[in-house]
Structure formats: structure tokens, C-alpha cells
Amino acid sequence: MATVAASGRTKEPTSLSGLGRALVQHQLLRLDEASAIQRKADAGRHGFVDELIGAGHMPARQLAQFAAELCGHPLLDLSAIDPATLPTDLLDRKLATELRVVALGKRGGRLSIAVSDPTDSKLLDRIRFSAQAALDPIVVEHDRLVRLVERLGQSTTEQLEELVDGSLDEIAVAGDEQAAPDTSDVDDAPVVRFLQKVLIEAIQAGASDIHFEPYEKFYRIRLRVDGELREVVTPPLAIKEKLASRIKVISRLDISERRVPQDGRMKIVLSSQRTIDFRVSTLPTLFGEKIVMRILDPSSAKLGIDALGYEPDQKQIMLEAIRRPYGMILVTGPTGSGKTVSLYTCLNLLNEPGINISTAEDPAEINLPGVNQVNVNEKAGLTFAAALRAFLRQDPDVIMVGEIRDLETADIAIKAAQTGHMVLSTLHTNDAPTTLTRLANMGVAPFNIASSVILITAQRLARRLCNCKQPLATDDGALLKAGFLESDLDGKWTPYRPVGCERCGGTGYKGRVGIYQVMPITEETQKIILGHGNALQIAQQAQREGVRDLRRSGLMKVMQGMTSIEEVLGVTNE
């Protein structure tokens, strides 16, 4: 125990720090313990508090509470502070790192600083002299202060190097290597390696898009995987301009133009057999340029129709339609439902030496050798309609139009289908029957619709259950409410629910599967069209002919164990 003098106060050597003496006086430390801690601190050339907390003599929280009460200063929990909001220009970075203090803010001529030892007068004097301001010390826990100081003391380059961790092999990036403007204190090399790491991880994760998003206080990067956005990393805010410049350089965009949106393309070569294309779009926002990169993997169009998720009867109907000599096949669904991959899968099946195929797209997303692909450029006058007119003078067999947006395009496409050409295109409608009424609402004559359209496919993408799935305990009433038929409840199948594991990132889903409504245009359907029938009448006729709607097709995937009931209900919410 510490020795107590006649006056009732504990004796302590004068070499002890102010906080050490106070701990001894309040009998929170013995004199010999405090002296040993001080000697070790002096020998290691660090502070008393460093040694006290580092050796485990006292919890950091207890010490902070004691120091705050001792000196009458406020106590602050650093976990409630966002490091990105802290000022960086109130205190010299090297001095703050050396003394382990953090500037919290300045009001008038007084500077608020976070310290773990408010009794260290030498430390306070150095800060006061450097900042030329009166100080308001605020007590914080030492271990949290150390971590915060280390983070703030890192340069942006060092933070990027930590994110990259030096574990990446070089990959070839195609583009014009212009000189990017020096927009920050960030080195070019770490930014290049960091971008390369993000691109590779996005490809490995099976992402469809990469979002680079600058905000006022932070910068984040998100990936869209299986249709859902996931935040993957929050790099230093200071890299936003360097990173934008780097992406624009390799995408052949104007790096000096930051006021208007730009579109470009780039590619990376993973191996001699595999090249990945990226469609790049920039958008000026309040706090910098947001960049979205769409990942275009040409191999997705070569997976074959079996990999898309068609049921056997749907696949047979589709194959018979695309092998016909002429007519129009329409694929419909919302953005991101896989329409482009479906169309390119059909084109890949038709892509033979004896067939001339031309496509008009905005822009062409997948490069398919043997297919004549045209990028629409409305500013230059190259619209879908203009491209279609040109195609008809190029002796085509198969024409693919990226999207039918207006009456002029629809008319030319239908005339092409009526004059001996196979035409494939997309429309944005909810299901197959409403596609026919959409064409009529555009102004296309019912006769032209009935005589040209031979097949309509509506589609959605549902997330596929991971192998960690487990049986779902449910009753027949809930299954019937979800849309299953009485005949389905035969006990020969089991519904599954998502669980989550390391392979699927905890979501319970890995990959996606297509859900389709394949509706051939029969004579009875043509009569309804010619009679100016509505979408409900067409849907009822399709149902009588055995065409499954999207909900029913999705529930079949549930019965096969591919996806969950809630996923199907979500993507087919009609």
C-alpha cells in the first residue's frame, strides 16, 4: 500500500506526472506501481498514460472519467464522432500525431482539443503556441484517441495502399493514356491500383454495375450484385477527383469537362481468352462527379438458352419462333431484367455464316463477332428509325432493334417483319399481353400488329437460392394465398428459405434465374387484336391456351427449389 504522511495525503516522488500523482493521491494506484509505470514510460520515451493503459493497469474508460472529474473538463465519447467531419486545418498534422491530440473545432479565439491527459502542461503549451489560440481541453478515452489520431495522421496515399494491400497483379486496361490534371495530393499509382482492385473484385463478385459516389463528407463505392446495391468500400474523400480523372482517361472522355454528363467505354483484358467491357457514364452532382460503370461480359451471351431459365416448353416455343424466316419477336420487362442477354442469346443461335445480322442499339452493350452492330447517335441524326432504313438496304436476314420507343421506329420494324425479315426488339411493359396494347397506343394499326408479331416474351430476374438454403415451414393456406394451385400441394416438393453463409455474403442468394411469360400469337389472339381487344382479353385467351403468367412461372421455380416464395412475390408484384 502507498505510504500516507501525517497530513493524511500520500507521498509521491516529484518525477511522477500530474495524472500519476493524482491517481496515487486518490489511492487508485500504489506509489510503487505509479513509479514503475513512470520509469517504463520515460525509458520508452512515451507518456505515462500510454504505459498505464497499454500495460492494462486501468481501463481507458475509468481513467478518462477520473481525469475529467479531476480537472473539471467535459468527457466525450469519440465513437459518436464521424472522423470525416473533423476539421483538418486547425492544427499541424505532424504535431497532432506526435502529441496524440485531435482538434475538434474552434469558436472565437478558443480551440477545442481532444486529449487523454489534461494535466500534461507541456503538451498543452506546445499546442497553444502552435495554434496561437486559447485551449478548451476535452477528455476522451486514450485507446480510442490513439486509433483516431493514427487514422487522421495517415496520408490519403497510405490509406489507399492499405485498401489495395499490394496483392494485385497487373492487368491490361485499354484506353488513351492522357495526362490527368493534378487535382489533389494523392499519388497516381495508388489510385490506379485501387481502381484496378475495385474492377477485379466487381467482376469476381458477379456485379452488373459499379457506382462511384462522392458526397460532402464521404466517398463510397457500391456494387449491384444480383440486382441489389451493396456498399463495398469507403475510400478517402480526397481521391474523388483523381479517381474520376483516371476513369475518364481510360474511357476516352474529356477529363477537363465536369459540368455535363459524358458516356464512354473501356475494357480490361483478364486473359488471352477473356476481355470484359465497361460502359461508363458520368454525372455532375453537388459534390463531384458520380460515375456508374456497367459491366458487359460477352460470355454471358454465349451461355446458351438452357442457362437462362426457360422451362422446356417455353424454350421449344422460343426456338421455333426464332427459326422462322420472318416476323417480329418482342422481349419486354423493366430495366435490368435481362432483356439484352436474352436477345443476344437468340442472335448467337442465329449467328451463322449464311445469315446477315444487323443491330441498332443505344449503345451496343455486348460485342458479338459476326454481327453488324450500330450505335444510335441521335445528335448526329442516326436514330433507330434511320438505322432501320439503312439496314433494309443492306440485304439483312435478321434485324435487332435495341428498343421501340416511338411510332416511326415501330412502323419501320413492323414493315421489315412483313417483308421477309426476322426482327427482334424490346419494349418496356409489365407483361406480354400489355405489349400488344402498347403498340396500338403508339398508333400502330391493329392489322400490322396481328400480321407481324409472332411471339412476345415478358421476363424478370429472381435471385437464386444459395446452397445454404433450408426448408420453409408453412401451411397449405399460405401457399394457396401465394398463388399455388390445389394440385400443386401434393407433398412432392418443399419450399425453401434463404439462410446466409460466407459463399453468398450472408444474403442467402447467389446468382439469378430468369422467370418468363412466353406468349405466341395464335389465330385467336390475332382476332382479338383485329377487334381492338384490350390487354385483359388477350391475357385471358393466353391463359386458355396454356400460357403461364410471370407469377405462375416464378412459383414453378419455387417448386424446383431454385428461389424463395418472397423473392417471386417481390419480382412479380403486378
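Values below: every heavy atom of this structure, side chains too, minus hydrogens, waters and symmetry copies.
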Within 6.0 angstrom of [X] [atom1], more than 12 heavy atoms from elsewhere:
| X | atom1 | result |
| --- | --- | --- |
| Phe218 | CZ | yes |
| Arg324 | CZ | no |
| Glu352 | CD | yes |

Side chains of [X] and [Y]: donor-acceptor distance under 3.5 Å anywhere?
| X | Y | value |
| --- | --- | --- |
| Gln459 | Ser342 | yes |
| Thr525 | Thr522 | yes |
| Arg544 | Gln541 | yes |

Using 0.5 Å steps for rounding, measure from the [atom1] atom of [X] to the [atom2] atom of [Y].
| X | Y | atom1 | atom2 | answer |
| --- | --- | --- | --- | --- |
| Lys481 | Thr474 | NZ | OG1 | 11.0 Å |
| His211 | Leu223 | NE2 | CG | 9.0 Å |
| Ile538 | Leu536 | CD1 | CG | 9.5 Å |
| Arg224 | Ile295 | CZ | CD1 | 12.0 Å |
| Leu296 | Ser208 | CG | OG | 10.0 Å |
| Met293 | Phe212 | CE | CZ | 5.5 Å |

Which heavy-atom pair separates [X] from [Y] by the least distance, and what is that distance?
| X | Y | answer |
| --- | --- | --- |
| Gly381 | Ala386 | O-CB, 3.7 Å |
| Ala413 | Ile404 | CB-CD1, 4.4 Å |
| Gln373 | Leu368 | OE1-N, 3.2 Å |
| Ser553 | Tyr516 | OG-O, 2.6 Å |
| Val423 | Ala417 | CG2-N, 3.8 Å |
| Ala416 | Ile399 | CB-CD1, 4.3 Å |

[X] side-chain N/O to [Y] backbone N/O, donor-acceptor pair under 3.5 Å:
| X | Y | value |
| --- | --- | --- |
| Gln316 | Asp313 | no |
| His428 | Gly333 | yes |
| Asn348 | Tyr344 | no |
| Thr426 | Gly402 | yes |
| Gln526 | Ala450 | yes |
| Asp277 | Lys267 | no |
| Thr282 | Gln262 | yes |
| Ser251 | Leu253 | no |
| Lys469 | Tyr509 | no |
| Lys510 | Asn467 | no |

Does [X] reach the side chain of [Y], with side-chain heavy atoms less than 4.5 Å apart?
| X | Y | result |
| --- | --- | --- |
| Leu349 | Met318 | no |
| Leu569 | Arg551 | yes |
| Pro284 | Arg259 | no |
| Leu392 | His421 | yes |
| Thr507 | Pro498 | no |
| Ile456 | Leu427 | no |
| Glu231 | Arg222 | yes |
| Val547 | Gln517 | yes |

Notebook entry, point to check: Within 45° of the axis and under 6.0 Å from the centre of the six-membered ring of Tyr219, does NZ or CZ of Lys240 qualify?
Noted result: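 No; the conditions do not both hold, so Lys240 does not lie above the ring face of Tyr219.
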
Item checked: Intermediate values then yes/no, salt bridge (Lys or Arg N to Asp or Glu O under 4.0 Å), Lys248 and Glu289 -> CA-CA 11 Å; Lys248 289 160 78 173; Glu289 287 181 288; 3.0 Å; yes

Next item on the list: Take Asp488 and Arg552, measure what salt bridge (Lys or Arg N to Asp or Glu O under 4.0 Å) needs, and give me the verdict at the end.
Entry: CA-CA 11 Å; Asp488 296 330; Arg552 180 64 186 163; 2.7 Å; yes

Next item on the list: For the pair Val198 and Val232, evaluate side-chain contact (heavy atoms from CB on, under 4.5 Å) and give the outcome as yes or no after the intermediate values.
Entry: CA-CA 9 Å; Val198 170; Val232 291; 5.8 Å; no

Check: Run the side-chain contact (heavy atoms from CB on, under 4.5 Å) check on Ser425 and Met328 step by step: do they pass?
Finding: CA-CA 8 Å; Ser425 189; Met328 177 181 284; 5.7 Å; no

Next item on the list: Any chance you could lay out the side-chain contact (heavy atoms from CB on, under 4.5 Å) test for Met400 and Glu361, step after step, and finish with the verdict?
Entry: CA-CA 8 Å; Met400 196 268 271; Glu361 302 166 78; 3.9 Å; yes

Next item on the list: Apply the test side-chain contact (heavy atoms from CB on, under 4.5 Å) to residues Leu286 and Glu216: give CA-CA distance (whole Å), side-chain angles for both, the deciding distance (0.1 Å), then the verdict.
Entry: CA-CA 8 Å; Leu286 287 177; Glu216 184 178 12; over 6 Å; no

Item checked: Pair Arg460 + Glu567: basic N to acidic O under 4.0 Å ->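 No, this pair does not count.
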
Notebook entry, point to check: Is Arg463 salt-bridged to Glu228, cutoff N-O under 4.0 Å?
Noted result: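 Looking at Glu228 together with Arg463, the answer is yes, because their closest N to O distance falls below 4.0 Å.
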
Next item on the list: Might you work through the side chain to side chain donor-acceptor pair (under 3.5 Å) test for Gln394 and Asn356, ending with a clear yes or no?
Entry: CA-CA 9 Å; Gln394 293 272 318; Asn356 179 22; over 6 Å; no

Notebook entry, point to check: Pick from Ile268, Ile250, Asp209, Ile247: which one makes a side-chain contact (heavy atoms from CB on, under 4.5 Å) with Phe278?
Noted result: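 Of the listed residues Ile268, Ile250, Asp209, Ile247, the side-chain contact (heavy atoms from CB on, under 4.5 Å) partner of Phe278 is Ile268.
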
Checklist line | Reference residue Leu308; test side-chain contact (heavy atoms from CB on, under 4.5 Å); the match among Thr345, Val513, Leu461 | finding: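 When side-chain contact (heavy atoms from CB on, under 4.5 Å) is applied between Leu308 and each of Thr345, Val513, Leu461, only Thr345 qualifies.
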
Check: Do Arg548 and Glu311 pass the salt bridge (Lys or Arg N to Asp or Glu O under 4.0 Å) test, and can you show the C-alpha distance, the side-chain angles, and the key distance before you say yes or no?
Finding: CA-CA 11 Å; Arg548 292 184 293 275; Glu311 298 297 329; 5.3 Å; no

Note to self: I'd like to check the side chain to side chain donor-acceptor pair (under 3.5 Å) partners of Gln543; sequence neighbours left out, ordered by chain and number.
What the structure shows: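 Partners of Gln543 by the side chain to side chain donor-acceptor pair (under 3.5 Å) criterion come out as none, since no residue qualifies.
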
